[in-house]
Amino acid sequence: MKVLVVEDSQVVLKIVKHLFNRSNLPLQPVFCETMQAAQQVIDQSNDIFVALVDLNLPDAPKGEIVDLTLAQGIPTVVLSATYDDTRREALLTQGVVDYIVKESRFSYEFALQLVGRLLKNQHIKILVAEDSLAYRKLVRRQLERHLYQVIEAEDGVAALAALKANPEIKLLLTDYEMPNMDGVKLVQNIRREYETTDLKIIGLSAADKPALSAQFIKNGANDFLRKPFNYEELHCRVMHNLEQIELIQEVRLAAYSDYLTGLPNRRSLFEEVEKHFHDLKLNACVAIMDLDLFKRINDQYGHDAGDLVLKQFGQMLRQAFSRFSFARIGGEEFCVVLEHLSGSQAEQLMSRFCELVDNTDFIFHEERIPVTVSIGVACRDQDSFTQVMSRADDQLYRAKELGRNQVVIE
Ligand SMILES: Nc1nc2c(ncn2[C@@H]2O[C@H](COP(=O)(O)OP(=O)(O)OP(=O)(O)O)[C@@H](O)[C@H]2O)c(=O)[nH]1
């Protein structure tokens, strides 16, 4: 997909090109200096994701480019040399995504951030609970302009049903006065089930009650907007709330995954497995793996080579055991929980993996590093997950004693 940049200033083009090269946006920028050139690109492409346009072009000095891109249904971000309140208002009413004044390189950075935001927004669902059809449609149009997926509900009851049907909804915008269930009651109901880290809520109301914002927030909403609101404020608050969810997701991911290999870490494995480990009706085995003589690899080939081996081993593990729970549980130690497998099935699977590792080329700076793994396996019984892991660990040490590069099952 493409980003159409229509700008005649060489300085601005240079900055935007530089920022694009530095960004990791999965979009191809296409640069045009005139409206005519932009028209040609539009005629020849059907994959323009967004347009960043200057209002003053040699062949379109009055912002005609905006009419062109909006008529083609292309989300349009205006880059303007000067700030003009009336113009800004008119352009936002016309349907542009945003109006950015070209003040410094930060303005262009903001423009590219906005493009990245629009890419993400396409996958974000927002629920709008509002009994006025006209207002609901108005909010929908605003949100869709920023490419969010919008779901509508005409009251609190319908909003609860919509949340059940679409658990991936990340944000709820809810009016206060609605039939059947008002906004505050809706928030109370939602917060019994949905954490504020997973679902953000913004209350809306035109009611003349100064305490309403506090009432919304005390009952679990994250924010409040009084109607009629300024649409830029709506977008800023929506974005701010979604960014908080994304930040929490990033922190969670960092807390539950191993930095080097990207595999789940010990904490993640325990939280995932411990919940259902006591279901004794089904077979399950635990395998602990430890790379052999890893210290020697580090000493002989260097720490970077050791890291590369760990990463490659992690990829192999992910591929081979994708349907099971697994983790890097220590330096060169890994664990796989083999649900639904008997001891002999687990042993067979692990023996094949052991062989695969032995026969795989681990190459660092064109040098082949010999890598083998020892594996201990124990099967689920009345013991806790930690106890079964510890028994698998005992078998691992037997495998080491017996000469490494092998599987031992208790
Ligand atoms: N490169 C690298 N090395 C690591 C990492 N984590 C742990 N290690 C190294 O892994 C080595 C483990 O060594 P040992 O516990 O002595 O065991 P070993 O050499 O594998 O010997 P056996 O387990 O008996 O086969 C240590 O030298 C650690 O420094 C890591 O993230 N990267």
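Numbering of ligands and ligand atoms starts at 1, following listing order.
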Requested in this report: Taking only Lys NZ, Arg NE, NH1 and NH2, and the carboxylate oxygens of Asp or Glu, determine whether K209 and E177 approach each other closer than 4.0 Å.
Outcome: no
Query - F277 vs V286 side-chain heavy atoms within contact, under 4.5 Å - result: yes
Query raised in the report: Would you call E33 and Q10 a side-chain contact if the rule is heavy atoms closer than 4.5 Å?
Result: yes
Polar-atom distance check: [X] versus ligand 1, any N or O pair below 3.5 Å?
X	result
F294	yes
L293	yes
D292	no

Suppose we measure from [atom] to each protein heavy atom; which comes out shortest, and what is that distance?
atom	answer
atom 30 (C) of ligand 1	L310 CD1, 3.4 Å
atom 6 (N) of ligand 1	G331 CA, 3.4 Å
atom 13 (O) of ligand 1	K295 CB, 3.7 Å

Query raised in the report: Heavy atoms only: which of R404, H303, E332, K400 is nearest to atom 15 (O) of ligand 1?
Result: E332
Query raised in the report: Of T261, L308, N298, which has the heavy atom at the shortest distance from atom 29 (O) of ligand 1?
Result: N298
**Report entry** Shortest non-hydrogen contact from F324 toward E339
**Finding:** CE2-O, 3.4 Å
**Report entry** Output field: ring centroids F385/F270 closer than 6.0 Å
**Finding:** yes
Query raised in the report: Does the separation of the ring centres of F224 and F229 fall below 6.0 angstrom?
Result: no
Report task. Record the part of D304 in heavy-atom contact with ligand 1 below 4.0 Å; permitted values are side chain, backbone, both and neither. Result -> neither
Report task. Answer side chain, backbone, both or neither: which part of D307 comes under 4.0 Å from ligand 1, heavy atoms only. Result -> both
Requested in this report: Measure from the side-chain N and O atoms of D182 to the backbone N and O of K185, and report whether any donor-acceptor pair falls under 3.5 Å.
Outcome: yes
Report task. Say whether R328 and ligand 1 are in contact under the criterion: heavy-atom distance to a ligand atom below 4.0 Å. Result -> yes
Query raised in the report: For ligand 1, which atoms sit closer than 4.0 Å to a heavy atom of G306?
Result: 1 (N)
Requested in this report: Compute whether any side-chain donor of one residue and acceptor of the other, for Q395 and R398, lie under 3.5 angstrom apart.
Outcome: yes
